Amino acid sequence: MNGTWLITGCSSGLGKALATVALEQGKNVAVTARNMESIAEFGKIYPDNAFLLQLDVNDEKSVKNAVTKAVEHFGTLDVLVNNAGYCLRGAVEECSMDEIEKEFDTNFFGTVRTIQAVLPYMRKARKGMIINFSSIAALSTSEGSAFYGAAKCAVEGLSDGLRKEVNPLGIKVMIVEPGPFKTDFFYRSIDVNQNNIADYAETAGKRKIRLENPEDSGIGGWGDVKKAAKVIIEAAENPDPPFRLLLGSLAVKMGENFAADRAAEVGKWKWLSVQTDEEQK
């Protein structure tokens with residue numbers, strides 16, 4: 001199925017892979033990044049259906065300008081993919097408010113900006129899909145990544161409320177929860193906090209690193225970015241797409257453990273939780 005996609009963060013990783021596969025399948029794609037040079041190859045390889053745009057999710061004017069130009073160029077916008085983001089590494093006590101606000105500005109408010117920019121067009125067309133990238137960090141957040149996990153949890157809450165608002169208008173919402181992929185995320189998309197408190201050296205401190213080789217992270221269960229792109233497109237084009245799409249066997253296992261642990265905790269403490277109910281007269 002062809003259509004018009006706008007994807008943020010196409011310079012590398014899953015965003016680049018998704019743009020590539022969508023273009024290979026003959027879709028029209030607004031390929032965006034903050035740095036135009038990082039996506040120049042798309043215009044050379046796919047001159048007919050790739051439209052290159054500068055888009056900084058932290059800049060509302062940039063977002064609106066890119067969305068407007070994409071619609072003017074293609075005449076429509078069927079799918080928005082919010083992929084741009086990065087991870088702030090540091091213990092909760094160590095991180096400054098400025099660092100925390102920047103993390104949320106990109107990962108959460110950047111997503112809000114693009115959604116608000118595309119919805120007028122999708123509402124008018126009474127169709128469309130919004131795909132928001134979350135992370136397995138929203139299921140289980142590692143020490144040293146609390147604010148990244150918090151931002152992704154915020155994206156999930158936003159998406160849950162959004163889908164109930166726009167589904168009656170013919171617009172669908174999907175969250176993508178990727179496991180680990182061998183991209184430059186572990187180097188290019190990691191911001192390491194420089195304030196070190198000795199008491200966190202053995203927890204958050206061990207994760208305050210940037211790795212040029214993802215395999216040095218000690219993580220297993222790696223995924224293939226091109227396969228991931230194909231899976232995302234297949235799910236998006238399904239008549240009944242999932243609301244949450246886990247990517248990779250590790251992500252599936254974490255999702256299963258999350259659901260089981262939550263159910264077990266609810267059951268264990270149900271006797272106490274229900275004591276808040278007002279007595280029936």
Side-chain angles (χ1 to χ4, degrees), residues 1-57 59 62-85 106 110-111 113-125 127-134 159 170-176 178 181 183-185 188-189 223-238 241 245 247:
M1 182 188 300
N2 292 330
T4 299
W5 291 50
L6 187 151
I7 305 170
T8 68
C10 294
S11 60
S12 63
L14 285 165
K16 182 176 182 179
L18 186 55
T20 300
V21 172
L23 288 163
E24 289 175 349
Q25 293 184 1
K27 303 180 194 307
N28 294 322
V29 180
V31 182
T32 78
R34 287 182 300 174
N35 181 0
M36 292 291 287
E37 291 182 7
S38 67
I39 55 175
E41 63 184 90
F42 284 101
K44 298 174 184 176
I45 301 172
Y46 309 99
D48 296 328
N49 53 333
F51 184 45
L52 279 51
L53 290 164
Q54 194 276 337
L55 191 157
D56 181 353
V57 298
D59 184 337
S62 172
V63 170
K64 289 183 176 179
N65 183 59
V67 171
T68 299
K69 286 184 176 180
V71 174
E72 288 176 349
H73 183 80
F74 290 121
T76 185
L77 183 57
D78 302 302
V79 182
L80 165 67
V81 181
N82 281 305
N83 164 71
T106 297
T111 295
R113 291 184 188 100
T114 57
I115 289 172
Q116 291 185 337
V118 304
L119 276 178
Y121 300 102
M122 290 185 175
R123 283 192 294 106
K124 184 177 180 179
K127 65 183 180 69
M129 168 164 274
I130 296 170
I131 301 174
N132 294 328
F133 267 70
S134 179
S159 302
I171 304 165
K172 298 178 180 179
V173 178
M174 183 169 76
I175 296 170
V176 177
F181 287 84
T183 69
D184 63 357
F185 175 88
R188 185 170 175 268
S189 298
D224 182 294
V225 290
K226 201 155 189 180
K227 288 182 178 179
K230 291 177 180 178
V231 165
I232 292 169
I233 292 172
E234 182 176 347
E237 294 182 342
N238 190 290
L245 177 66
L247 294 182

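For clarity, every value in this text was computed on a predicted model and none was experimentally measured.
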Distance-only polar pair, side chains of Asn132 and Thr111, donor-acceptor under 3.5 Å: no
Using side-chain heavy atoms (C-beta onward) and a distance below 4.5 Å, is Leu77 in contact with Trp5? no
Write down the atom of Phe74, the atom of Asn49, and the distance for their closest heavy-atom approach. CZ-O, 3.8 Å
Quick check against the 3.5 Å criterion: does Ser38 have a side-chain atom that pairs as donor or acceptor with the backbone of Asn35? yes
Inter- and intrachain pairs under salt bridge (charged side-chain N to carboxylate O under 4.0 Å, His left out), touching residues 64-73, at least two apart: Glu60-Lys64
Here the pair of heavy atoms bringing Thr76 nearest to Thr4 is O-CG2, 3.3 Å
Show the nearest heavy-atom pair for residues Ala229 and Val21, with the distance to one decimal. CB-CG2, 3.6 Å
I'd like to check Val31 versus Leu53 (side-chain heavy atoms, cut-off strictly below 4.5 Å). Are they in contact? no
Please report the interatomic distance CE(Met129) to CD1(Ile171), rounded to the nearest 0.5 Å. 11.0 Å
Verify, without hydrogens or angle tests, whether Arg34 (side chain) and Asp56 (backbone) share a donor-acceptor contact under 3.5 angstrom. no
Might you point out which heavy atoms bring Cys10 and Phe42 nearest each other, and give the distance in Å? O-CE1, 3.8 Å
Gap between atom OG of Ser159 and atom CD1 of Ile175 - 0.5 Å precision: 4.0 Å
Side-chain contact, heavy-atom cut-off 4.5 Å: Ile232 with Phe133? yes
Salt bridge flag under 4.0 Å for residues Glu237 and Lys27: yes
Is it the case that more than 12 heavy atoms not belonging to Glu24 sit under 6.0 Å from its CD atom? yes
Quick one: closest heavy-atom pair of Ile233 and Gln25, and the distance? CG2-OE1, 3.4 Å
Taking the side chain as every heavy atom from C-beta outward, state whether Asn83 and Ile131 have any atom pair closer than 4.5 Å. no
Met122 side chain near Ile130 side chain, heavy-atom distance below 4.5 Å: yes
Validation row: Val81, Leu6 side chains within 4.5 angstrom (heavy atoms): no
State, yes or no, whether a side-chain contact exists between Thr8 and Thr114 at a heavy-atom distance under 4.5 Å. yes
Does the side chain of Leu52 come within less than 4.5 Å of Thr32's, by heavy atoms? no
To the nearest 0.5 Å, tell me how far Asp224 CG sits from Lys230 NZ. 8.5 Å
Pairs where residues 5-21 contributes a residue and the test salt bridge (charged side-chain N to carboxylate O under 4.0 Å, His left out) is met, not counting sequence neighbours: Lys16-Glu41
For Leu23, which of Leu18, Asn28, Val29 qualifies under side chain to side chain contact (heavy atoms under 4.5 Å, CB included)? Val29
Taking Asp78 for its side chain and Gly3 for its backbone only, find out whether a donor-acceptor pair lies under 3.5 Å. no
Mind checking what makes side chain to side chain contact (heavy atoms under 4.5 Å, CB included) contact with Val231, not counting sequence neighbours? Leu245, Leu247
Closest heavy-atom pair, Gly110 versus Asn82, reported as atoms and distance to 0.1 Å, is O-OD1, 4.5 Å
Do Gln54 and Ser62 have side-chain N/O donor and acceptor atoms under 3.5 Å apart? yes
